[in-house]
Amino acid sequence: MNSHIDPPSSVALLLDRAEQLAGWSLRELADSLSIATPNDLRRDKGWIGQLLELALGASAGSKPEQDFPELGVELKTIPINHQAKPLETTFVSVAPLIGISGLRWQDSNVRNKLSCVLWIPIIGDRASPPGDRIIGQPLLWRPSAEQEQLLRQDWEEIMELISLGQVQSISARHGQVLQLRPKAANSKALTEAIGEQGQPIMTLPRGFYLKIPFTAALLAKHFML
DNA sequence: GATTGATCATAT
DNA sequence: ATATGATCAATC
């Protein structure tokens, strides 16, 4: 019996809502929405993200688009410690492994997702129960020219390797700010990709993730830490 | 502390 | 299987 929240009609309203959540614990927010709070995230890894989506009126469901299509805004929660350092890399999107010839940065999912992000820091540490973690001040972010250049460079380099049949040799170190890693239900999930001789092969689905130093710097710049 | 492969829930 | 939301946890 949780209350439905309408999508915000403007970015300013969205930001207002997000700012009003700052300082609340996740338990308080969950209680106000009549949602049960898990004791840990082992079986509820997406709980925080889904809780904030609900609280801010993001369109629920699994659409391959931004959380607030009308506003062109993507919502991302990011776990940070008390020094404002991110605890985890940030998942951006699944990487296309086939049918990618001619795919440009300008048209990529990564660029689309990251063109405007509402970051909601969640303060705590790995040991703290989800309910005890505190919602931090939100940050509406658009990549600076330099940040976009770094993202683009990494994306183009990684996508080129994928198109050349080198997906299996790409490590999480191949980019400066973006990395490619498995993104799957388990190690048995397979998807089609390009092999070394250009032939189709089956491999683990991959996703693009933002590295911790990049998101740490992004937050530090905004909060002037 | 960063890397890395693996994993969990849910909806379509 | 793919998409959404991510974190776990051993190892480097």
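What you see below is based on every heavy atom in this structure, not just the backbone, and it leaves out hydrogens, waters and symmetry mates. Chain letters run A, B, ... following the sequence lines, proteins first and then strands; every chain starts at 1.
- At the heavy-atom level, K76(A) lies under 4.0 Å from the strands shown only through sugar-phosphate atoms.
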Go through the steps for R152(A) and Q106(A) under the test side-chain contact (heavy atoms from CB on, under 4.5 Å), then give the verdict. CA-CA 9 Å; R152(A) 175 179 186 151; Q106(A) 290 299 321; 4.0 Å; yes
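- If you check every strand for non-hydrogen atoms under 4.0 Å, G46(A) touches a base.
- Note on R43(A): a side-chain N or O is less than 4.0 Å away from OP1 or OP2 of dA9(B).
- The number of heavy-atom neighbours closer than 6.0 Å to CG of N39(A), taken from other residues, nucleotides and ligands shown, is 12 or below.
- Contact annotation for R181(A): base contact, defined as any heavy-atom pair under 4.0 Å involving a base atom.
- Using a 4.0 Å heavy-atom cutoff across all strands shown, A184(A) reaches at least one base atom of the nucleic acid.
- Each of Q179(A) and K183(A) lies near DNA chain B, and the nucleotide nearest Q179(A) is the one positioned closer to the 5' end.
- The nearest whole Å value for the distance from the CD atom in E74(A) to the P atom in dA6(C) is 8 Å.
- Between dA9(C) and R126(A), no contact under 4.0 Å exists linking OP1 or OP2 to a side-chain N or O.
- Contact of K45(A) with dT7(B) (side chain to base): a donor-acceptor pair of N or O atoms is detected under 3.5 Å.
- Nearest heavy atom pair, residue V73(A) against residue Q66(A), reads O-CB, 3.5 Å.
- Proximity of S93(A) to the phosphate of dA3(C): no side-chain N or O atom is located under 4.0 Å from OP1 or OP2.
- Look at K85(A) and you'll find a side-chain N or O under 4.0 angstrom from OP1 or OP2 of dA2(B).
- Within the nucleic acid shown, I48(A) has no heavy atom closer than 4.0 Å to any nucleic acid atom.
- OP1 or OP2 of dT4(B) lies within a sub-4.0 Å distance of a side-chain N or O belonging to S171(A).
- For I212(A), whose side chain is taken as the heavy atoms from C-beta onward, the closest listed nucleotide among dA1(C), dT7(C), dA2(B) is dA2(B).
- Rounding to the nearest 0.5 Å places OG of S93(A) at 9.5 Å from CD of E74(A).
- Relative to the side chain of V94(A), the nucleotides dT4(B), dA3(C), dA2(B) differ in distance, and dA3(C) lies closest.
- Counted by atom type alone, Q153(A) and Q176(A) present one or more donor-acceptor pairs between their side chains at under 3.5 Å.
- Note on A185(A): a base of the nucleic acid sits closer than 4.0 angstrom, heavy atoms only.
- The residue among D44(A) and E88(A) whose nearest nucleotide of DNA chain C is located toward the 5' end is D44(A).
- Among the atoms of the strands shown, none is found under 4.0 Å from any heavy atom of T90(A).
- When rounded to the nearest whole Å, the span between CG of L180(A) and C1' of dG5(B) equals 12 Å.
- Contact check, T77(A) against dA6(C): a side-chain N or O comes under 4.0 Å of OP1 or OP2.
- Backbone-only contact: L204(A) has heavy atoms under 4.0 Å from sugar-phosphate atoms and none from a base.
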